[in-house]
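For reference, the structure discussed in these notes is given below.
Throughout, residue positions are numbered sequentially from 1 according to the sequence presented.
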Amino acid sequence: MEGSSDIDLSKISLRPLGLADIDDFMVWGTDEKVPIFCTWEPYATKEEALNYIKDKILPHPWFRAICLDNRPIGAILVTSNSGGDRCRGELGYVLGSKYWGKGIATQAVKLVADTIFKEWTHLERLEAFVDVDNVGSQRVLEKSGFLREVSQSSSLSSLAQQQELQQARTSSSNMDPLSALRDFTIRGELEKIVRVNDEFRFDSDYSFPCHAETAYRSKQGNLYTLETLLYYVTNHHVKHTDYIQSARTQGIPSVTFPDRKPLLDYLTGKISSSDSIEFLLPPQNDPVHPKLPSLDPNVNSGINNDSNDYGTTDSRVFSQIETPVDYMSLICSGERPLKDREGLLECKGRNFYGVLTSATKREEERQRIESQQRKDGLVAKSRLMGSDERGLTGFGDESGYDPNPKPKLHLKGGKIGEGVPIILVPSAFQTLITIYNVKEFLEDGVYIPTDVKVKQMKGAKPDCVTVQKKFSRDRDRVVTAYEVRDKPSALKAEDWDRVVAVFVLGKEWQFKDWPFKDHVEIFNKIVGFFMRFEDDSVESAKIVKQWNVKIISISKNKRHQDRAAALEVWDRLEEFVRSRSHS
């Protein structure tokens with residue numbers, strides 16, 4: 001939720017986004033927090049982002065960058081509907097997570113709402129669709145003058161539609177719409193399915209209402225309608241993001257990404273059945289029907305559903321998208337259902353207690369990791385100081401002798417800054433060393449690909465990993481503990497004094513918002529490493545060779561050579577730390 005801010009909102013402006021803004025675009029385009037409620041994934045490469053700008057953003061009729069001091073920090077767009085519905089426009093926006101909660105998104109939405117009706121004189125209504133869990137975005141719209149209009153669901157919205165489904169299944173010789181659609185798909189006769197008014201006619205064999213529910217239940221819990229499945233099977237070759245946009249333009253609920261492949265396999269005959277299929281018919285001879293309240297979302301809402309009447313020319317509304325309500329709850333309910341906290345959190349196989357237990361376990365795991373990190377690093381410093389004062393050489397018996405002496409942790413202050421030294425690694429998966437596999441490489445001298453480590457991991461991604469040099473050419477060694485992190489934006493000002501090394505990605509934008517003026521200053525104060533496979537092309541290290549960075553090459557297949565590469569890193573790092581501490 002947006003709150004008070006130390007940013008001057010008068011410096012927020014909107015302007016077209018161009019190819020020259022690619023570096024700023026990559027800041028939020030690669031941010032994992034930004035697309036949580038969106039249909040796109042963070043961009044992996046700058047080339048992919050440039051193609052998106054050229055193919056999608058530049059041709060868009062109304063796409064603007066949200067700028068702070070004329071520098072893009074997000075984007076906002078308005079898409080007009082087509083045909084007779086072109087008087088309605090849909091609003092969308094995205095903002096870098098660094099700028100959340102500062103009133104910037106609200107300011108941008110207000111700027112759009114104040115100008116779009118002047119620029120597009122045909123527009124009468126501006127609306128937005130918001131995920132039910134995206135509370136912050138809902139507050140942005142409410143503070144910008146939008147009105148909460150309706151909560152939409154893909155499940156049946158009225159008793160009349162439920163009766164329509166029953167009539168459809170009994171009026172076509174007991175053939176259900178899912179089986180009919182599968183039959184026509186396998187035979188390659190989809191073109192014989194014709195829409196006539198509000199029903200689909202399957203040649204001269206069957207006819208079903210367009211909104212009749214099928215027996216295929218999505219992983220979200222709702223039954224897909226015939227209209228949804230027919231539109232998907234005829235457009236299954238289209239990229240998912242383009243398919244969703246097209247379906248939304250047509251006003252048709254879309255098939256979710258996890259359902260795409262198993263649904264297509266069933267409809268095309270590759271599989272004969274699926275756990276998602278429920279061939280259940282509502283009771284046909286029940287003489288008693290409870291009186292149900294109207295489930296029409298526009299009842300008592302003051303919304304005129306006439307497509308030619310949207311009130312004033314500056315009409316702003318937004319719809320909240322939520323998980324479909326349970327079918328049986330609608331049948332049994334005699335009044336508008338009110339949910340408590342547990343009801344809101346309930347879903348298939350989970351209740352409030354389960355969510356609470358899971359959250360508690362995650363918090364305990366986080367505290368355990370932090371405790372271990374303190375034990376490995378900061379706590380070790382005080383122990384060493386105490387042992388040095390007593391003149392002890394180990395932690396054995398009272399005589400000071402330990403038959404199995406352990407290497408001491410050596411933590412320096414001075415120029416490096418008090419505390420455990422920090423090593424930064426990229427968060428992008430396309431680099432060889434990440435926070436997932438850095439511990440095995442630096443401590444054990446073994447390189448394990450990031451994707452393999454991710455599959456092996458249990459629990460959430462760690463925010464920090466502690467590493468120590470556990471192997472050395474020198475038997476009489478002193479072990480130093482280091483913190484490894486992959487989120488430079490989370491570092492405080494005093495933390496930067498402890499940063500001693502960075503594994504570089506080979507991209508300038510990796511150092512955006514670092515407290516240094518250029519890469520020359522960075523690599524004078526921080527030792528840099530660039531990891532590459534020895535048979536990679538020279539072009540991959542072209543930019544890095546211009547920097548004061550140590551290039552480390554490893555083999556793709558010869559894992560016994562990894563130890564030598566890890567020693568190269570430790571030797572260069574220890575040399576740098578010694579020189580910096582005595583400078």
Side-chain angles (χ1 to χ4, degrees), residues 1-3 24-45 48-49 52 56-57 63 65-66 72-77 79 90-106 108-109 128-144 146 148 151-154 218-221 239-245 248 254-260 318-324 344-348 350 355 358-359 362-363 366 426-429 434-436 454 457 459-463 486-490 513:
M1 185 172 68
E2 297 197 332
D24 292 322
F25 179 91
M26 290 297 291
V27 174
W28 79 78
T30 58
D31 190 341
E32 296 178 353
K33 297 180 182 178
V34 172
I36 292 178
F37 297 103
C38 303
T39 59
W40 53 276
E41 297 292 334
Y43 291 91
T45 64
E48 182 182 353
Y52 179 78
K56 300 294 183 181
I57 294 179
F63 191 106
I66 302 175
I73 58 174
I76 192 165
L77 71 157
T79 303
E90 182 178 339
L91 176 71
Y93 46 87
V94 61
L95 186 68
S97 61
K98 176 182 178 181
Y99 299 97
W100 291 357
K102 302 180 182 297
I104 295 175
T106 301
V109 172
F129 293 88
V130 187
D131 193 288
V132 68
D133 294 325
N134 195 353
V135 179
S137 189
Q138 295 173 36
R139 289 286 297 126
V140 166
L141 294 168
E142 289 171 342
K143 292 185 342 187
S144 302
F146 283 68
R148 186 188 302 270
S151 293
Q152 292 187 342
S153 171
S154 297
S218 76
K219 288 181 172 57
Q220 292 183 345
K239 187 178 179 181
H240 188 63
T241 52
D242 295 336
Y243 157 72
I244 289 178
Q245 185 64 36
R248 181 176 296 177
S254 58
V255 172
T256 62
F257 186 80
D259 288 327
R260 283 178 63 103
F318 75 96
S319 297
Q320 175 183 335
I321 304 174
E322 65 176 356
T323 304
L344 287 171
L345 290 173
E346 277 186 346
C347 61
K348 188 175 182 179
R350 178 178 296 182
V355 173
S358 177
R362 285 197 300 269
E363 178 63 20
R366 184 187 67 80
S427 59
F429 275 29
T434 66
I435 200 166
Y436 293 99
V454 171
M457 277 191 61
K461 170 188 174 184
D463 293 326
D486 67 348
K487 295 180 180 178
S489 59
D513 296 329

Do P462 and M457 come within less than 4.5 Å of each other through their side chains, counting heavy atoms only?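 Result yes, sub-4.5 Å side-chain heavy-atom pair found.
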Describe, in one word, how the ring planes of Y52 and Y43 are oriented to each other, choosing from parallel (under 30°), tilted (30 to 60°) and perpendicular (over 60°).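 Ring orientation, 0 to 90° scale: tilted.
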Within a 6.0 Å radius of atom NZ on K219, are there more than 12 heavy atoms belonging to other residues, nucleotides or ligands?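 Atom NZ in K219 is packed in, count exceeds 12.
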So does F257 have more than 12 non-hydrogen atoms from other groups sitting under 6.0 Å from CZ?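 Incorrect, the count does not exceed 12.
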Quick one: [atom1] on [X] to [atom2] on [Y], what's the gap to the nearest 0.5 Å?
X: Y436; Y: K461; atom1: OH; atom2: NZ; result: 4.5 Å
X: T45; Y: M26; atom1: OG1; atom2: CE; result: 6.5 Å
X: E142; Y: T106; atom1: CD; atom2: OG1; result: 10.5 Å
X: F25; Y: I73; atom1: CZ; atom2: CD1; result: 14.5 Å
X: L91; Y: F146; atom1: CG; atom2: CZ; result: 5.0 Å

Stepwise side chain to side chain contact (heavy atoms under 4.5 Å, CB included) test for K56 and D242: CA-CA 11 Å; K56 300 294 183 181; D242 295 336; 3.4 Å; yes
Is the backbone N or O of [Y] less than 3.5 Å from a side-chain atom of [X], with the two atoms forming a donor-acceptor pair by type?
X: Q138; Y: D131; result: yes
X: W100; Y: L95; result: yes
X: Y243; Y: V255; result: yes

Could you report the tightest heavy-atom contact between [X] and [Y], atom names first, then the distance?
X: D259; Y: S218; answer: OD2-CB, 3.1 Å
X: G74; Y: W28; answer: N-CZ3, 3.4 Å
X: T434; Y: A428; answer: CG2-O, 3.7 Å
X: V34; Y: V94; answer: CG1-CG2, 3.0 Å
X: S137; Y: V130; answer: CB-CG1, 3.9 Å
X: A128; Y: L141; answer: CB-CD1, 3.9 Å

Stepwise, does the side chain to side chain contact (heavy atoms under 4.5 Å, CB included) test hold for Y93 with V140? CA-CA 11 Å; Y93 46 87; V140 166; 3.8 Å; yes
Please collect all salt bridge (charged side-chain N to carboxylate O under 4.0 Å, His left out) contacts where either partner lies in residues 24-42, sequence neighbours excluded, each pair once.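 Every pair satisfying salt bridge (charged side-chain N to carboxylate O under 4.0 Å, His left out) with a residue in residues 24-42: D24-R71, D24-K512.
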Trace of the side chain to side chain contact (heavy atoms under 4.5 Å, CB included) decision for K98 with V27: CA-CA 10 Å; K98 176 182 178 181; V27 174; over 6 Å; no
